[in-house]
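Treat the numbers as computed from the prediction; the structure is a model and nothing was measured. Protein chains get the first letters and strands the later ones, always in sequence-line order, with residue 1 at the start of each.
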Protein chains: 4
Amino acid sequence: MASPKKKLQGLVAATITPMTENGEINFSVIGQYVDYLVKEQGVKNIFVNGTTGEGLSLSISERRRVAEEWVTQGRNKLDQVVIHVGALSLKESQELAQHAAEIGADGIAVIAPFFLKPWNKDVLINFLQEVAATAPALPFYYYHIPALTGVKIRAEELLDGIQDKIPTFQGLKFSDTDLLDFGQCVDQNHQRQFALLFGVDEQLLSGLVMGATGAVGSTYNYLGKKTNQMLEAFERKDFSLALNYQFCIQRFINFVVKLGFGVSQTKAIMTIVSGIPMGPPRLPLQRATREFTDHAEAKLKSLNFLSFAGLKDGHLEACG
Amino acid sequence: MASPKKKLQGLVAATITPMTENGEINFSVIGQYVDYLVKEQGVKNIFVNGTTGEGLSLSISERRRVAEEWVTQGRNKLDQVVIHVGALSLKESQELAQHAAEIGADGIAVIAPFFLKPWNKDVLINFLQEVAATAPALPFYYYHIPALTGVKIRAEELLDGIQDKIPTFQGLKFSDTDLLDFGQCVDQNHQRQFALLFGVDEQLLSGLVMGATGAVGSTYNYLGKKTNQMLEAFERKDFSLALNYQFCIQRFINFVVKLGFGVSQTKAIMTIVSGIPMGPPRLPLQRATREFTDHAEAKLKSLNFLSFAGLKDGHLEACG
Amino acid sequence: MASPKKKLQGLVAATITPMTENGEINFSVIGQYVDYLVKEQGVKNIFVNGTTGEGLSLSISERRRVAEEWVTQGRNKLDQVVIHVGALSLKESQELAQHAAEIGADGIAVIAPFFLKPWNKDVLINFLQEVAATAPALPFYYYHIPALTGVKIRAEELLDGIQDKIPTFQGLKFSDTDLLDFGQCVDQNHQRQFALLFGVDEQLLSGLVMGATGAVGSTYNYLGKKTNQMLEAFERKDFSLALNYQFCIQRFINFVVKLGFGVSQTKAIMTIVSGIPMGPPRLPLQRATREFTDHAEAKLKSLNFLSFAGLKDGHLEACG
Amino acid sequence: MASPKKKLQGLVAATITPMTENGEINFSVIGQYVDYLVKEQGVKNIFVNGTTGEGLSLSISERRRVAEEWVTQGRNKLDQVVIHVGALSLKESQELAQHAAEIGADGIAVIAPFFLKPWNKDVLINFLQEVAATAPALPFYYYHIPALTGVKIRAEELLDGIQDKIPTFQGLKFSDTDLLDFGQCVDQNHQRQFALLFGVDEQLLSGLVMGATGAVGSTYNYLGKKTNQMLEAFERKDFSLALNYQFCIQRFINFVVKLGFGVSQTKAIMTIVSGIPMGPPRLPLQRATREFTDHAEAKLKSLNFLSFAGLKDGHLEACG
């Protein structure tokens with residue numbers, strides 16, 4: 001590695017890819033989006049082209065241009081821009097990794113390939129290694145999300161000795177609720193400076209107590225400020241307050257989960273909260289229904305999340 | 001309800017059903033087992049005839065006799081004896097519930113039926129209600145373990161208004177890692193005196209931070225003392241120490257999980273740690289292999305869990 | 001074995017357990033039910049207390065009485081009465097097996113235990129063996145239904161050498177769509193006189209072509225006559241006609257599957273077609289809705305299945 | 001459509017993508033491969049860049065070049081060359097579809113997107129429609145493989161009225177064992193000239209009896225001749241002989257399935273049988289082990305599949 005980057009920590013927003021009404025990428029609002037994250041949500045790290053960003057629904061050429069735009073707009077404003085370069089094709093993943101290095105991204109992340117699947121830990125590491133080697137100056141993160149990929153290899157086994165294979169390995173996004181696995185990632189690597197980022201927003205507090213050093217997620221786009229308050233309460237050991245914040249956030253997520261919650265719905269919610277038009281998703285996703293949007297907006301209001309997030313701070317009491 | 005029981009809290013050991021070498025229930029060691037739990041592990045609540053106790057592998061007549069023996073032996077020694085009375089047949093479950101009341105148990109618990117399955121929340125409540133009604137003086141607990149039953153009904157939805165249907169409802173054993181669901185059970189019922197018992201031993205700390213009022217599990221049979229130390233550290237807000245205890249426990253569980261860990265293996269471990277012969281499991285389970293037992297014993301020693309648990313206190317440092 | 005039974009073949013109806021409106025077993029209509037199967041549907045073998053019969057929802061004492069009634073009413077009318085004696089508890093399964101022998105049943109069947117699960121083929125065989133040994137004069141059938149039990153042991157592996165362990169083994173009910181597994185059961189055992197009974201009614205023709213010697217299912221209660229016509233066409237090598245019958249049957253099943261189809265709905269359909277009141281199911285099942293019943297009846301009429309089944313023969317043309 | 005293509009029927013080999021030892025595509029053997037399929041296996045239709053061809057592991061540019069080579073080499077030798085153009089990104093799928101049209105392919109096929117998933121039938125059709133519209137002169141096939149994609153939409157529902165949305169729709173590859181669904185695809189579309197191709201090689205006979213008009217699979221690369229004999233026996237209504245062939249094939253597949261069977265192993269088997277070097281797979285797959293190859297080769301010999309396939313015809317008796 002050229003020079004060690006500072007450790008990725010705190011909240012990392014999994015960015016949405018804004019689109020125009022006709023489904024093309026809306027590059028024009030990304031600058032505004034950066035400012036919104038920094039100023040309104042207090043979030044200064046981003047994870048680009050991941051699940052939330054519909055990264056795998058974009059063409060390789062689009063993924064490159066999206067990555068470039070976030071790096072450009074984030075310069076001197078964001079702390080770290082991590083580009084997800086995972087793809088089903090190793091070659092395409094390598095192309096994206098090399099590109100991320102060229103444009104000056106702060107790190108790359110890779111998901112386990114999930115159509116043809118690695119049969120064991122060693123093959124998965126081989127795959128990741130081949131990607132990492134094409135960007136030898138960039139911190140490398142593994143994106144662990146077994147429920148989506150069907151790759152059941154435990155993260156703690158993968159991390160065992162991984163820096164021998166991938167010297168740039170710097171951590172993982174752990175998007176699963178198996179906190180035995182996550183806890184052992186923390187416990188067995190306490191002497192390394194890994195970023196062990198929890199990826200299940202609605203139960204972040206449980207990840208924090210198990211030693212998470214940060215979090216990556218879609219809700220930090222619009223609930224980053226509230227989540228930061230939870231992080232601060234947790235740091236101060238005010239667990240009761242931290243739990244109050246967690247419950248506030250859960251009430252919202254629990255509500256939308258019952259309505260059907262995915263990337264499409266995240267785009268709609270972010271549009272409401274930030275005022276920046278995120279546009280429709282791309283096929284195979286379908287725009288959130290008007291009914292969803294109306295219900296979500298009403299809930300945001302009743303929890304006082306709208307004024308909180310967009311204009312002036314709300315009262316904790318109002319949440320609930 | 002005749003008279004309100006005091007709230008079930010703290011650790012609840014899911015008891016093993018001891019067996020003789022020829023596979024019959026070994027009633028003779030249950031008294032010794034009670035003493036061991038109380039004196040060596042500091043555990044004064046038990047959950048009888050659950051998964052760990054091979055409850056569903058026993059005949060109804062055996063389940064009755066096992067329940068009786070624990071109630072008898074636990075008198076004046078244990079705080080609460082909860083009997084799992086769940087069965088695929090409603091009639092058998094009702095028979096067991098009535099019997100639990102007759103012998104003076106402190107509560108009953110019921111798992112969702114899992115062969116023919118309830119299609120929605122209302123049918124599940126109807127089923128539970130029919131069982132609860134046969135023991136109208138006993139606190140009623142729901143045993144939520146969706147990964148084993150395949151019944152995906154969310155616990156927080158089930159709890160919504162449940163006391164209107166089941167006046168004796170007093171809480172649940174939540175054996176799942178979905179802490180959005182569990183958190184909302186806590187959040188939405190904070191004005192009720194429910195016992196919200198977490199059932200995933202290896203990540204209990206994550207349940208505690210989300211508001212668990214206690215825990216039910218198999219490992220409290222032999223790691224109860226260490227887990228109680230974790231609970232105390234958590235109460236004192238010494239999260240760093242609590243996490244140390246959690247990691248110690250995880251190191252052991254993580255180790256045995258990789259070897260293949262289930263009720264058979266729990267019987268073998270408990271025999272090693274307590275010195276009380278738990279005997280083999282009953283078919284369709286098979287006795288743990290000698291190889292497993294040897295490895296588990298070596299690990300217990302290396303973590304200093306044996307002296308800790310059985311004789312004199314170990315050193316926290318030794319764990320690891 | 002005392003004396004070899006004749007081989008179980010052709011259609012075997014998985015019997016419904018008729019109930020009264022208040023949920024007790026309605027023994028009074030079983031005689032009429034036997035006559036209906038024989039006279040109207042041409043079905044002379046039955047499989048009692050299986051999934052369709054809600055066997056696992058009944059108490060052991062009820063299962064005994066139901067078995068007795070079918071054996072009694074079937075005497076001199078039915079060819080073979082097979083009693084499903086599978087249970088989660090080995091002891092209860094043994095009690096039922098012994099009872100089946102005492103009452104003069106023609107065979108017993110056992111499902112793999114599915115709460116605590118056998119870890120491999122050998123343990124499963126041990127379990128089955130312990131049951132079979134209590135009824136040494138009765139043909140023994142294995143009930144293979146991996147999607148419901150979660151026991152993924154392949155049937156062809158189980159059958160390899162099974163008669164060395166279970167001398168009474170006579171065949172299996174194969175309720176799965178893996179026709180590689182089923183085909184190899186047939187291929188590898190062609191020198192044995194096993195009854196290899198297919199259990200996925202809606203695609204029986206695919207099982208027949210792969211060598212099935214018969215079929216067990218719930219739809220033969222009300223579509224037995226039509227299915228027998230399919231069997232006859234298949235025997236005559238008139239595959240085109242056989243496929244026509246299969247498609248007719250599929251149109252009905254495909255229709256009800258979309259509405260939600262299970263044991264409750266089977267009870268409602270059988271009541272409509274046979275005129276014999278099957279009553280409601282027992283909890284955790286819930287009575288089929290009026291809406292379902294109306295739609296199903298209309299579909300039966302439009303396919304000419306009602307007149308066909310209940311009164312006089314319909315026209316094949318009318319089906320569709 | 002410009003001019004209606006003749007209906008795709010009979011066996012369609014899902015082609016392997018040959019690679020050199022260093023993992024690049026080995027275009028040089030594709031001509032030889034075409035000749036082998038036609039002359040030795042009697043297979044004149046191919047499905048390029050599907051699962052077997054590691055299509056999703058290739059870059060878009062590689063997929064284009066592979067498609068071109070097969071079309072070029074197949075000219076005047078093959079009947080139909082269908083190119084799988086499915087991709088997670090709609091844009092890339094469209095690019096591949098347009099390219100397939102330009103190079104003169106005979107059809108295109110598309111798998112349901114499987115990372116972000118279509119929530120219902122209509123969204124899936126929208127996605128397929130957008131791809132199909134870019135190649136308006138090419139027959140369009142849907143590739144249905146729910147176990148791999150996790151997209152549970154039933155094929156018969158998808159086909160209902162699909163030509164209104166996708167005028168070029170010509171059929172599907174049905175890679176699933178749900179023969180109710182497949183049967184209803186056949187039954188409900190008997191007046192259309194759809195190619196309803198069965199995709200589970202090891203139970204093709206069950207698909208044929210349900211009305212399959214052909215088959216797509218990886219084993220037709222090396223067991224095409226034997227499978228064609230099965231098809232001929234089936235056509236002649238010699239079901240007993242057809243079943244013998246099916247069982248022969250099953251014995252081989254059943255054997256390798258137990259050793260672990262996937263695309264890597266298919267490459268190794270094809271190399272053995274055809275003598276054409278298929279090379280290693282690409283990551284995330286790993287080369288088949290020497291142990292696998294040795295066992296597979298021995299089994300091929302014992303079944304007389306080697307001489308059969310490669311040199312001179314074997315004896316049916318030898319198979320087994």
Side chain, backbone, both or neither: which part of A:L243 has an atom under 4.5 Å from a heavy atom of chain B?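 Just its side chain gets close to chain B.
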Part of A:Q184 within contact of chain B (heavy atom distance under 4.5 Å):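 Contact with chain B: backbone and side chain both.
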Short question: side chain of B:Q250, backbone of A:L179 - any donor-acceptor pair under 3.5 Å?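 Here the side-chain-to-backbone pair exists.
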Indicate yes or no for a side-chain donor-acceptor contact from A:E202 to the backbone of B:L180 under 3.5 Å, with no hydrogens or angles considered.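 Absent.
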If we ignore angles and hydrogens, is there a donor and acceptor under 3.5 Å between the side chains of A:T177 and B:T177?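 Result is yes, a qualifying pair exists.
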Would you give the length of the straight line joining atom CE of B:M210 to atom CD of A:Q203, rounded to the nearest 0.5 angstrom?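 CD of A:Q203 is found 5.5 Å from CE of B:M210.
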How many angstroms lie between CD in B:E157 and NZ in A:K258, if you round to the nearest 0.5 Å?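 Rounded to the nearest 0.5 Å, the CD-NZ separation comes to 4.0 Å.
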Could you report the tightest heavy-atom contact between A:D187 and B:R251, atom names first, then the distance?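 Looks like OD2-NE, 2.6 Å.
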B:Q188 versus A:N254, closest heavy-atom pair with distance: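 Shortest heavy-atom separation between B:Q188 and A:N254 comes out as NE2-ND2, 3.6 Å.
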